[in-house]
Amino acid sequence: MDNKNTLLPANGNNSLPLPGMLGRRKFLSYMGLAATSATVLAACRKDKDDNNNMPPGSIDLGTGDIGILNYAYALEQLEAAFYTQVINSPFSGMTANEQSLLTDIRDHEIAHREFFKAALGAMAIKSLEVNFSSVNFGSRDSVLATSKAFEDLGVSAYNGAGQLIKDSNYLLLAGKIVSVEARHAALIRDLISNGSFADNTVIDMNGLDLASKPADVLTTASVFLKSKLYAGNLPTS
Amino acid sequence: MNLLNVISAIEKIDPEVHDRLDTRRGAMQQFAKLGGKIAMAAVPFALGSMFKTAYGQSTSDISSVLNYALTLEYLEAEFYTKGAASGVVPSGTPAVGAINTIRDHENAHVTFLKNTLNSLGATPVSKPTFDFTAGGTFPNVFTNYDTFLAVAQAFEDTGVRAYKGRAGDLISSHAVLTAALQIHSVEARHASHIRQMRKARGANVKPWITGNDTGGIGSAVQANYNGEELTTQAGVNILNFVNANAASESFDEPLTANQVLAIVKPFIV
């Protein structure tokens, strides 16, 4: 590898003319790192495709944008399964209005789930097994409390995942979905207590909603999943 | 230090990354300034600046999005501040608390966006002078509760679409993007509640947007809803999975800056 470090000004002097067009090596040499680049490169490429830390039997969400999309797909699977159960076994005293709204939400979550499944194609994770043993589907309080938890979690998950997405097309798709989740969250909160659609348990002093990292979201979600998800290959920044 | 890994990763999706970087003399000079012994602590800053230059997302681009958002938040903040003070919201009802909550969020957004712009060394735009009757289209906006809620719904749904439309312009600036998303979902929560308030008044409307339906407000706000009827996403036909209403409701659609500015223009004197 050529070492063009001599092109660099000695110390902070930028009066030397810089070449207009540089190749990659020259670019690297401008970083003052050409001599060691191979070593650094090797050192930096760590574990991104290495599942050594993955617990046996767990489902790897994957890397990069595909990993984030699978993460969203996992959450949508959870929500869709929940609302399907809610509509299949309505809680005691469910009003016609509630049934209509919850049916809409079920359909929205199914649309999200099936969208991700179709868009991811062969890269999609498998269908997850859920665990709703902590939910009393006969109880309005239990169902709506769980629903509130899922919707607020979904909003915070998409808000937190946005910055992990590299492709602006995927970012836009996440944006199209998260505002629908926020509409759900506000409605469910209002069904529990009118006026709590955006209270200070979710909105901070700056008027900002929650944003959570995948690891934190999955810790909460794991209570409702029999399948074990592995997020260790997801981007972290 | 994963700088080279970053470059290497970008190279996979953008083989011309080096050309982009190399032809940007200003960006390269930033590295030159650091000298042969590059200060490792400075790398993230130099890198951010370099990519902003290379990919056109400079601080000025970020601040133009923030000023765009600030203009919309000024509109909403003043709308609710005046509405709450006008007596148009029936006193002694839960509506008072809800409108005050929304008012406080919109004012918090104004403050937050101004502070963010200042922290970036940019100048926040001044608040325009607003006409909430939109030149007479909504003459009783602060005296008729239903008109007030109709305008509120249009503002909130449009705010959601506006933020969504600019998120991609913030993709290089993680902190700003995250904050914008955190505002975006608050606007959606507001929209959901305002729609429920209208439903309680007899409007045929749900917390989500069905097709390009204005929820009975009519042609004055049709542009705010056009495009929401989409049922194909990234080439996937959502009608394969759910009915037409649910297919359009399950995805909110963006608006471009020009579309939004045309929509709010009648409200700006």
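The chains referred to below are lettered A, B, ... by the order of the sequence lines, with proteins before strands, and numbering in each begins at 1. Since the structure is predicted, the reported quantities are computational estimates derived from the model, not experimental observations.
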**Student:** Among the options A:Ala182, A:Ser179, A:Ser168, pick out the one with the most heavy-atom pairs lying under 4.5 Å from chain B.
**Tutor:** A:Ser179

**Student:** Please classify the contact of B:Arg195 with chain A as side chain, backbone, both or neither, using a heavy-atom distance under 4.5 Å.
**Tutor:** side chain

**Student:** Quick check on the interface: out of B:Thr111, B:Ile209, B:Asn115, who has the most heavy-atom pairs with chain A under 4.5 Å?
**Tutor:** B:Ile209

**Student:** Is it true that B:Phe251 and A:His112 have ring centroids separated by less than 6.0 Å?
**Tutor:** yes

**Student:** Please classify the contact between B:Gln196 and chain A as side chain, backbone, both or neither, with a heavy-atom cut-off of under 4.5 Å.
**Tutor:** side chain

**Student:** Salt bridge check, A:Asp152 against B:Arg189: does any charged N sit closer than 4.0 Å to a carboxylate O?
**Tutor:** yes

**Student:** Kindly determine whether A:Phe115 and B:Asn237 satisfy side chain to side chain contact (heavy atoms under 4.5 Å, CB included), including the steps that lead there.
**Tutor:** CA-CA 8 Å; A:Phe115 164 74; B:Asn237 184 359; over 6 Å; no

**Student:** Quick one: what part of B:Leu230 sits under 4.5 Å from any heavy atom of chain A, side chain, backbone, both or neither?
**Tutor:** side chain

**Student:** Under a 4.5 Å cutoff for heavy-atom pairs, which residue among B:Pro207, B:Ala95, B:Ser250, B:Ala191 has the most contacts with chain A?
**Tutor:** B:Ser250

**Student:** For chain B, which candidate among A:Val178, A:Asp104, A:Thr103, A:Asn194 shows the most heavy-atom pairs at distances under 4.5 Å?
**Tutor:** A:Asp104

**Student:** Check each atom of A:Arg189 against the heavy atoms of chain B and say whether the ones under 4.5 Å are side chain, backbone, both or neither.
**Tutor:** side chain

**Student:** Can you name the closest pair of heavy atoms from B:Leu181 and A:Gly162 and give their distance?
**Tutor:** CD1-CA, 3.8 Å

**Student:** Knowing that exactly one of A:Val155, A:Val202, A:Leu210 qualifies, which makes a side chain to side chain contact (heavy atoms under 4.5 Å, CB included) with B:Ser185?
**Tutor:** A:Val155

**Student:** Select, from A:Ile110, A:Ile165, A:Leu172, the one with the greatest count of heavy-atom pairs under 4.5 Å involving chain B.
**Tutor:** A:Leu172

**Student:** Just wondering, are more than 12 heavy atoms of other shown residues or ligands nearer than 6.0 Å to NZ in B:Lys114?
**Tutor:** no

**Student:** Can you name the nearest heavy-atom pair linking B:Pro254 to A:Lys176, along with the distance?
**Tutor:** CD-CE, 4.0 Å

**Student:** Look at A:Asn200, A:Leu164, A:Ile203 and state which one has the largest set of heavy-atom pairs under 4.5 Å with chain B.
**Tutor:** A:Ile203

**Student:** Between B:Lys164 and A:Gly175, which heavy-atom pair has the shortest distance, and what is it?
**Tutor:** NZ-O, 3.0 Å

**Student:** Flag yes if more than 12 heavy atoms outside B:Asn204 fall under 6.0 Å of its CG atom; otherwise flag no.
**Tutor:** no

**Student:** Go through the atoms of A:Asn169 and report whether side chain, backbone, both or neither lie under 4.5 Å from a heavy atom of chain B.
**Tutor:** neither

**Student:** Side chain, backbone, both or neither: which part of A:Leu187 has a heavy atom under 4.5 Å from chain B?
**Tutor:** both

**Student:** With a 4.5 angstrom heavy-atom cut-off, could you sort out which part of A:Asn206 is near chain B: side chain, backbone, both or neither?
**Tutor:** both

**Student:** Restricting to non-hydrogen atoms, name the atom on B:Ala179 and the atom on A:Leu208 that form the minimum distance, rounded to 0.1 Å.
**Tutor:** O-CD2, 3.9 Å

